[in-house]
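Report on the following structure.
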Amino acid sequence: MKETVPVIAVDGPSGVGKGTLCRSLAEALGFHLLDSGSLYRLTALAAARAGLRDDDAGGLAQVAATLDVRFDSGEDDLVVLLAGEDVTAAIRTESAGMAASKVAIVPEVRAALLQRQRDFRRAPGLVADGRDMGTVVFPDAPLKIFLVASPAERARRRHKQLSEKGVDANLAALETEIAERDARDAGRASAPLKPAPDAVILDTDDLGIDAVRDRALALVAGRLHVPGQQDRS
Ligand code: DC
């Protein structure tokens, strides 16, 4: 039974560090990983390549339903293949994130991606990274974490991440983009970004990556029985 496979739902706004946390949780627990944002990013990329407009709900949903995607584990990141082509870098740009946030408004797109996301739920468990993991995709997840951090702190982290990759970015522009994406993701009618009523809110403004990971692992130990992990509950 799929429903007995534990899911750790990790939601929160752009740039809050969900990706980093989810990768390290999945690695520590030996769980599968769902980067749901990449499905929205891929949908936006494939739709742009097909010349679809933002308001073509039927066309966008068709693209989402028929995405030919494969995730391979690369050296330090997931390699994403769209119809066999490596699009890892293409979907990671700021503009790809913005385009994803636009197609994510369309309820038909969300519906088309729902089952594809649920199919990632496989033993021994899943760490699911997104905006609506705890509210819509895995409402029965035994652990839901909602990460928050101020837009200024998220822009600062994103800026650092980009400079480490050698990408020159403007801090003020990043903060504006983050605020714009927040408004769209939280303001949309269909599956808006918000914590599930039973989510644990983790404010990461003053926490480093390791501290966030330790808090999350303590929550896992209290809520989930993971073979091989110390059960501290
Ligand atoms: O997590 P991310 O930055 O890769 O997500 C890109 C966009 O996709 C985000 O701004 C909103 C959308 N998204 C969504 O609506 N629901 C999800 N579960 C994941 C992402």
Side-chain angles (χ1 to χ4, degrees), residues 7-23 25-26 33-48 54 57 60-61 63-64 67 69 71 77-80 82 87-121 126-139 141 144-149 151 154-155 157-159 161-162 165 169 174-196 199 204:
V7 176
I8 303 170
V10 181
D11 292 301
S14 306
V16 77
K18 299 186 301 287
T20 308
L21 173 63
C22 288
R23 273 194 302 277
L25 281 181
L33 178 65
L34 165 62
D35 168 12
S36 64
S38 69
L39 295 174
Y40 290 93
R41 288 170 184 260
L42 285 161
T43 301
L45 178 67
D54 285 353
L60 292 172
V63 165
L67 276 181
V69 53
F71 296 95
D77 204 356
L78 223 50
V79 174
V80 186
L82 180 62
V87 293
T88 318
I91 62 162
R92 287 286 153 231
T93 63
E94 298 305 300
S95 60
M98 202 60 110
S101 161
K102 287 180 185 159
V103 300
I105 295 176
V106 181
E108 290 87 344
V109 167
R110 306 199 71 83
L113 293 177
L114 192 57
Q115 193 54 45
R116 195 186 278 261
Q117 295 174 83
R118 289 184 174 154
D119 288 344
F120 278 77
R121 188 174 199 167
L126 177 69
V127 181
D129 165 346
R131 303 289 187 293
D132 60 345
M133 299 295 100
T135 50
V136 175
V137 182
F138 303 108
K144 300 175 184 176
I145 298 175
F146 194 89
L147 294 183
V148 293
R154 287 184 279 136
R157 288 180 194 166
R158 186 74 186 125
H159 188 262
Q161 209 175 39
L162 288 170
K165 282 194 206 157
L174 279 176
E175 196 173 336
T176 309
E177 275 173 24
I178 280 181
E180 195 184 317
R181 244 200 307 151
D182 279 1
R184 193 176 313 111
D185 294 348
R188 67 182 176 225
S190 179
L193 168 70
K194 65 167 183 216
T204 71

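Below, each value reflects all heavy atoms present in this structure, side chains not excepted, and no hydrogens, waters or symmetry copies. Read the numbers this way: they start at 1 and go in the same order the structure lists the ligands and their atoms.
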*Does ligand 1 have any atom that is closer than 4.0 Å to a heavy atom of R188?*
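Contact present.
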*M133: heavy atom below 4.0 Å from ligand 1, yes or no?*
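True for this residue.
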*asked:* I'd like the name of whichever of L193, V109, D35, D132 reaches closest to atom 18 (N) of ligand 1 through any heavy atom.
replied: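 Minimum heavy-atom distance to atom 18 (N) of ligand 1 goes to D132.
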*Give the single entry among K102, K18, R41, R131 that approaches atom 1 (O) of ligand 1 most closely by any heavy atom.*
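The nearest heavy atom belongs to R131.
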*Indicate whether any N or O donor in one side chain lies under 3.5 Å from an N or O acceptor in the other, for R181 and S14.*
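Yes - a donor-acceptor pair under 3.5 Å links their side chains.
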*Tell me yes or no: between the side chains of R157 and T204, is some donor less than 3.5 Å from an acceptor?*
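There is such a pair (donor and acceptor under 3.5 Å, judged by atom type) between the side chains of R157 and T204.
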If I apply the N/O under 3.5 Å rule, does [X] come out as touching ligand 1?
X	result
R110	yes
S36	yes
S14	no

*Nearest protein heavy atom with distance in Å, relative to atom 8 (O) of ligand 1*: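 The answer is Y40 CB, 3.5 Å.
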Is there side-chain contact between [X] and [Y], with at least one heavy-atom pair below 4.5 Å?
X	Y	answer
F71	V79	no
L174	L162	yes
E177	E94	yes
L193	F146	yes

*Please identify which atoms of ligand 1 are closer than 4.0 Å to at least one heavy atom of A100.*
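Every atom of ligand 1 under 4.0 Å from some heavy atom of A100: 6 (C), 7 (C), 8 (O).
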*Contact atoms of ligand 1, heavy-atom distance to A104 under 4.0 Å*: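 Those qualifying, in numeric order: 12 (C), 15 (O).
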*For a salt bridge (charged side-chain N to carboxylate O under 4.0 Å, His left out) with R131, tell me which candidate from D11, D185, D35 qualifies.*
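When D11, D185, D35 are each tested with R131, the salt bridge (charged side-chain N to carboxylate O under 4.0 Å, His left out) holds only for D185.
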*Under 4.0 Å from ligand 1, counting heavy atoms only, is it the side chain of R181, its backbone, both or neither?*
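Side chain only; the backbone of R181 stays clear of ligand 1.
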*asked:* As a test of understanding, state which of H159, K165, R158 forms a side-chain hydrogen bond (donor to acceptor under 3.5 Å, both in side chains) with Q161.
replied: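 Of the listed options, the one satisfying the test is R158.
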